Every structure is written in structure tokens, then in C-alpha cells.
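Quick notes on the structure that follows.
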Amino acid sequence: MSLQLSEQELVRREKLTKLRVLGINPYPADLFPVNHLSDEIKNNYKEDKKVIIAGRLMAINIQGKASFAQLQDSAGRIQVYFNRDVLCEGEDKTMYNDVFKKLLDLGDFVGIEGDLFTTQVGEKTVRVTKFTLLSKALKPLPVPKTDREGNTYDGFTDPEMRYRQRYADLTVNPHVKEVFVKRTKLFTAMRNFFNEAGYFEVETPILQPIAGGAAARPFMTHHNSLDIPLYMRIANELYLKRLIVGGFDGVYEFSKNFRNEGMDRTHNPEFTAMEIYVAYKDYNWMMDFTEQLLEHCAIAVNGTSKSTFGEHKIDFKAPYKRVTMRQSIIDFTGFDIKGKTEDELRAAAKSMNIEVNDTMGVGKLIDEIFGEKCEGNYIQPTFITDYPKEMSPLCKEHRGDPSLTERFELMVCGKEIANAYSELNDPIDQRERFEEQLKLAAKGDDEAGEFIDNDFLRALEYGMPPTSGLGIGMDRLIMFLTNNPSIQEVLFFPQMKPENFETKKGPELSDNEKVIYDILIKEKSMELNTLKEQTGLSNKQWDKGIKSLGKLELTKVTKTDDVLTVDIL
RNA sequence: GAUUCAGUAGCUCAGCUGGUAGAGCACAUCCCUUUUAAGGAUGGGGUCCAGGGUUCGAACCCCUGCUGAAUCACCA
């Protein structure tokens, strides 16, 4: 089961044994007493200061009896200087001549003790007095090089390889690491904002008997000892509201959700949402809260509320524009949805060249019109408010218009990044809405819920205070904050088709090769065309077979005058 | 799901009209004590994604498949 090794991999394996012969353990167990990071050295530079650092060798530049190398640690890179006579004071120059020059490779982890100096070219450098191999790399890293102008050569850029081998991507591409540092800063900033507001971080089940709180196809699994199906969560809404029923004033959760749907550059089967529910508030309050939150987060991540996404410059500075869905549709189509019947809406949609079908109800039709004609126009953060009741089964009816709900979505660069309600807390209304969804589902609307969560309804019957809830797509938000158009760039390990690690056949012969070989082994030597005819192989199959047999040094083709002869070796 | 493009050395990529597979970096050996995309000399390294077809001959043309990307469709 060994994969075929490249020449470079074999060389590194040989170095491993040579190191062991010299008594050097290439994978020592000892703690290494690091006391500086590369950026600390550069920021608090003091001539001759003694430092102990560790990291990967990312560039080696040997010049005879002295050498330079780049050591990369978690904070960046620092140049280190190996001088033969500094490193090896006595007669024995093995550590420099053999261990450093011959047995170390790019990618190896080394620990270094040394003191600081500045080279003639002005680069802050660690003069190595002692080095320790901490871990040998057997596989060569793809090492891009960058010149003085910042042009990168041999970049490790193939997305497939970068996603599959994120460890190599992170090692070699500092800008990739930066995206994930920002991702974590975003989570921290949001968490701090909520905690300072006095809200409570909680955890709710990922394995659920009913996947509710959203309309999406769930992943199904099975619990053996209960012998029941379980679903992986598609949203955490219904569980968080149960906690508001239980008496918390504000609860929030960063929730990994799972949806068994299509994948593309903005959809991964598992993604992270944040949902927060706050008692005694409504969606107007939540809009204020949301714009404060996002301004805070943008500044925490990028140091400014401004951000660039592709061709767009966006600014998360509060307050954001607020437009009702009805007004938005009037603005972009001239059509007023107020009071229109399902048939009128369907006719209007058709006249706008929007694809519609009979399963679409009023809500869905309005949503299609909005999605098609309006959504994409909102580049700066904008709240779209007051959605039709039919498409918001968990949202409280609008206090001023019973056909609407108290709901808003926050649009940025034409995409939805947040969704919020004045939460429905009337248990009887809630049951009716669920039943309405069941009817829609039966009618064929695949976005309508198929189950009624009776336990959730029971919770509401005990009484839930008026509550406003907000959900934010964290992946999408971090895409906007780091200027990445692809969700795969902001997930460490985006979902991909499994890689095929099947081992190569090695010295075994393929079928074609066997046919040729079996005939030839009896005759020992044959004229080429006779042999070819006897095998009955096509030209292509013959060609491949005889070529690879030659490569394996099992046969040899010789030409005497005009006659080609094949011999067995 | 549809369309288009791509897959060649460890990495980034050339490869003309079908005619023995190339470069830079990396690697190996040697020279070089403050360099920085270090430099100089020499050398090794390939299942041209896989399978089939056409052809005297295929990395190249045709078909099928695999993998990925982009655009579109789908996706609160």
C-alpha cells in the first residue's frame, strides 16, 4: 500500500537515516524553549540580543561557509544566518557541512538559538549559534517566491489542491492565513458585543428528531439504540425560542447548520449561522441592534467600517437604509403588490419575464419578483422590511397590516446576510401557520415545512414573551469582510468529492501487457509484426503494451535492416 | 442539472500543422563567509488525468469517464 514516491521524497527519506546515523533524532520529543516570535524580534530589535525561536525553513541560500535562511513561525518570517565557524567553533564542522547544508530541507521545523544583528543590506537577522532539528518534512512544500516588487512566482494557486491540502495552503500563502485570522476576529467581536449587552451563549442539539426552523432538505441519520431517524439541524431557531420561554432574556448560538442541497461558490453543505433571540424587543429594535453590531464587527476585523467586495466599496457604518418590500418592488418594477391576488401576482411576474408555476402561492410569487428584480440592486447595507405572511411562518403578523409580517432581511452587495423577526408567540396562530405550511408542502412547494413540531408549540402555550430574533450567515459575512467571492475561501475545509488515494499498480502487468508477454515468453524472440498480429490487440493497445513492457525492461525491440525483432530479456 | 474551459516534472507553465517530451524554480554533486526571486558549473527527474477509437505514428484529432474552475439554473 505504499504510494509511489518521487525522487525528492526518496532523497528526504535517505536523509532521515543519515541523520539517525549521526545520532540526530529527526522527530525529538523534547520541549523546545521558544522565547521569541519573528515579529517580536523585528519590532523590538536590539543588537546582540539572544533569542530562541522555532519554525519552518522556507528558504535556504547557501554561500559556501556561510548561509542565509528564512525561518517561518506563526507570526511571519525572520532571516537566520548560519556561519560555519560560529556554528562549529572547533575542528568538527559536521553540524554545518553535513547536517545543515546536506540534511536539512525546505519545510523542516528547526529550533534556533542565536543573537541579533543587521546585515550589510540592512535586514534584521538571527546569527545562529545552535540549531536543533525539530521535525523533518518528507514531502517538499510548494514554495512560492516573491521578489522585491511583490511579484509572486510559482504560486500555489490551484484551488483544488489548496482546498484539499489546506495545511500546505496555509503554510505557503500568508494571505490565506489572514482570512482565517479575520474570521476568528469576527466571531470574537460578535461574541463580545453580545456578552456586553448581557446575552447568554448557549448550545442546542445538532441531532434533532424534527429538523425545523427553516425550509431546507436535511441530512438524515439514524440512532441505533433508540432505533429512530434523526436529522442534522438546518437551523437552531426553535430551540433558542424554547430557552426564551424558559426565562432567559437573551440567548445566542453560533450554529453549524447542515443542508442537503446544491453546492456552489456560495453554498457549502455545512455552514455557520449565528442566531440571537432577545425578549421584550421587536424587529425595529433589532434593526438598530444589528447595524450597531455590524459596524462594531467590521471595525474589529478590518480596523474600519469600510470594506471592499469585488468592484463594490461598502460601508458598515450605522445607520442603514430601510425599505419595505412593497416599496422596493415599486421602486424597481413600478408594480404595487398591495392587495393583489395570487393570479394578479402571477400575471405580473410573467409580464416581468419571471419564471413562475402553479405551486407558487402569494408569498412565493412576491419573493420571486423581489429576488429577480430588486435584491441585486442593494449594494450598501440595506434593511428590507415587512415580508408577506405566507413565506414567514415563524414571524409575527405586522401590527399595521395583517397580510404582512414584522420581518427584515439585511442585504449587502445584492445578497442576504441577515434575517430577523418580531417572533410569533401566539401558539394558536403558530399552529395554524404550520398547518398552512403543510398544505403548501403538499401542493409541491419544496421550501415549505413538512412537519409540525408539537413540542415547540407546547412551549409557546406556556407563554413566550414578545421576542425579536436575528440570524446572520457568518460565512457570507466574512466573505464580504475579506473580499472573497467564494465560500470555499473562508472555510478551512470546504466539502469536496473524496480524493482517490488508490495505489498505483506498480510492477504488475496490465491485461494488454500480459497478452503480449505470454505469447512472447514461449517464443523468446519474435518478429514484431507477427507478434502484434497474434496478440489481436488494437494499434493503440499494442502500442501502449509494448512501450510499457520496454520501460519495465522485460522486452527489447531491436531493428536489423528493415526487420523489427522483439526479444524477451 | 446545463454550457464553456482546464488537467504535461515536486511547483508554475510552454509544447506550432499529429513526427523521439521542454523551460524557470525545486532536487542532486561541486565552487562561493553579510545574501535576499543570491550567483556559477554539471546532472537526475514524466503513466503528458484514465479508458477506448482514428492513424504508419497521438500530449495534440474523435468518443466515454474522472477531477476541478467559471458562467447559468437551483438554493429564505
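These numbers were taken from a predicted model, which means no experiment stands behind them.
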Quiz item: Does any donor atom in the side chain of A/Asn419 or A/Arg407 lie under 3.5 Å from an acceptor atom in the other side chain?
Solution: yes
Quiz item: When rounded to the nearest Å, what value does the distance between C1' atoms of B/G51 and B/C25 take?
Solution: 34 Å
Practice problem: Would you kindly compare A/Leu106 and A/Pro159 by the position of their nearest RNA chain B nucleotide and give the one closer to the 5′ end? | Solution: A/Leu106
Quiz prompt | Geometric cation-pi criterion A/Arg127 and A/Phe117, 6.0 Å radius, 45° cone | solution = yes
Quiz prompt | Atom C1', compared across B/C63 and B/A23: separation rounded to whole Å | solution = 33 Å
Quiz item: Which one is paired to B/G45, where only Watson-Crick or G-U wobble pairs with both distances under 3.5 angstrom count?
Solution: none
Quiz prompt | Exercise: do A/Tyr283 and A/Thr385 side chains pair donor with acceptor under 3.5 Å | solution = no
Self-check item: Given RNA chain B, 5'-ward residue of the pair A/Arg259 and A/Gln488, judged by closest heavy atom
Solution: A/Gln488
Practice problem: Quick one: look up who B/A14 pairs with, Watson-Crick or G-U, both distances under 3.5 Å, and put none if it's unpaired. | Solution: none
Quiz item: How far does the C1' atom of B/G19 sit from the matching atom of B/C61, given to the nearest Å?
Solution: 15 Å
Exercise. Answer with base, sugar-phosphate or nothing: what part of the nucleic acid does A/Lys415 contact at a heavy-atom distance below 4.0 Å?
Key: nothing
Quiz item: Could you give the CZ-to-C1' distance, from A/Arg13 to B/C27, as a whole number of Å?
Solution: 15 Å
Quiz prompt | Residue pair A/Thr290 / A/Tyr320, side-chain donor-acceptor N/O under 3.5 Å | solution = no
Practice problem: State whether A/Glu270 and A/Lys256 are salt-bridged, where the test is any N-O pair (Lys NZ or Arg NE/NH1/NH2 against Asp/Glu carboxylate O) under 4.0 Å. | Solution: yes
Practice problem: Taking only the side-chain nitrogens and oxygens of A/Lys102, find out if one of them lies under 4.0 Å from OP1 or OP2 of B/U29. | Solution: no
Practice problem: Nearest whole angstrom, please: distance from the P of B/C49 to the CD of A/Glu160. | Solution: 14 Å
Quiz item: Is A/Gly363 touching bases, backbone alone, or none of the nucleic acid, heavy atoms closer than 4.0 Å?
Solution: nothing
Practice problem: Can you tell me the pairing partner of B/U64 across any strand shown, Watson-Crick or G-U wobble, with both distances under 3.5 angstrom? | Solution: B/A50
Self-check item: Under 4.0 Å protein heavy-atom contact, by nucleotide of nucleotides 32-39 of chain B - B base, S sugar-phosphate only
Solution: BBBBBBB-
Exercise. Take atom P in B/G22 and the same atom in B/C16, then report the distance between them in whole Å.
Key: 13 Å
Self-check item: Rounded C1' spacing from B/U8 to B/C49 in Å
Solution: 10 Å
Quiz prompt | Contact check, side chains of A/Lys50 and A/Asp115, non-hydrogen atoms, under 4.5 Å | solution = yes
Quiz item: Under 3.5 Å, is there a donor-acceptor pair linking the side chains of A/Tyr45 and A/Glu47?
Solution: yes
Self-check item: For A/Met263, the option from A/Gln495, A/Gln488, A/Met496 that meets side chain to side chain contact (heavy atoms under 4.5 Å, CB included)
Solution: A/Gln495
Practice problem: Provide, to the nearest angstrom, the distance between the CD atom belonging to A/Glu9 and the P atom belonging to B/G45. | Solution: 17 Å
Quiz item: Looking only at atom P, what distance separates B/A69 and B/C13, rounded to whole Å?
Solution: 16 Å
Practice problem: Please give the nucleotide sitting opposite B/C56 as a Watson-Crick or G-U wobble pair, both distances under 3.5 Å, or none. | Solution: B/G19
Quiz item: What's the CG-P distance between A/Leu5 and B/C27, to the nearest Å?
Solution: 18 Å
Quiz item: Taking the six-membered ring for Trp, are A/Tyr421 and A/Tyr387 ring centroids under 6.0 Å apart?
Solution: no
Practice problem: Give one of base, sugar-phosphate or nothing for A/Arg162, where a contact means two heavy atoms less than 4.0 Å apart. | Solution: nothing
Self-check item: Interatomic distance where CZ belongs to A/Arg12 and P belongs to B/A26 [whole Å]
Solution: 13 Å
Quiz item: Under a 3.5 Å cut-off for both distances, is B/A38 Watson-Crick or wobble paired, and to whom?
Solution: none
Quiz item: Rounding to the closest angstrom, what is the interatomic distance between B/U35 and B/G44 at atom P?
Solution: 34 Å
Self-check item: Distance in angstrom units between A/Arg265 CZ and B/A73 P, rounded
Solution: 11 Å
Practice problem: For B/U71, give its Watson-Crick or G-U wobble partner with both distances under 3.5 Å, or none. | Solution: B/A2
Quiz item: If you look at every heavy atom in A/Ala137 and A/Asp108, which pair is closest and at what distance?
Solution: N-OD1, 2.8 Å
Exercise. Would you kindly give the CD-to-C1' distance between A/Glu368 and B/A73, to the nearest whole Å?
Key: 12 Å
With 3.5 Å as the limit, what N/O pairs link the protein to nucleotides 5-11 of chain B?
residue	atom	partner	partner atom	Å
B/C11	O2'	A/Asp154	O	3.2

Practice problem: Would you please say whether a donor-acceptor pair under 3.5 Å links the side chains of A/Ser486 and A/Glu489? | Solution: no
Practice problem: Taking atom C1' in both B/A6 and B/C60, compute the distance separating them and give it to the nearest angstrom. | Solution: 15 Å
Quiz item: What integer distance in Å separates A/Met263:CE from B/A73:C1'?
Solution: 16 Å
Quiz item: Should A/Arg233 and A/Glu253 count as an ion pair when the cut-off is N to O under 4.0 Å?
Solution: yes
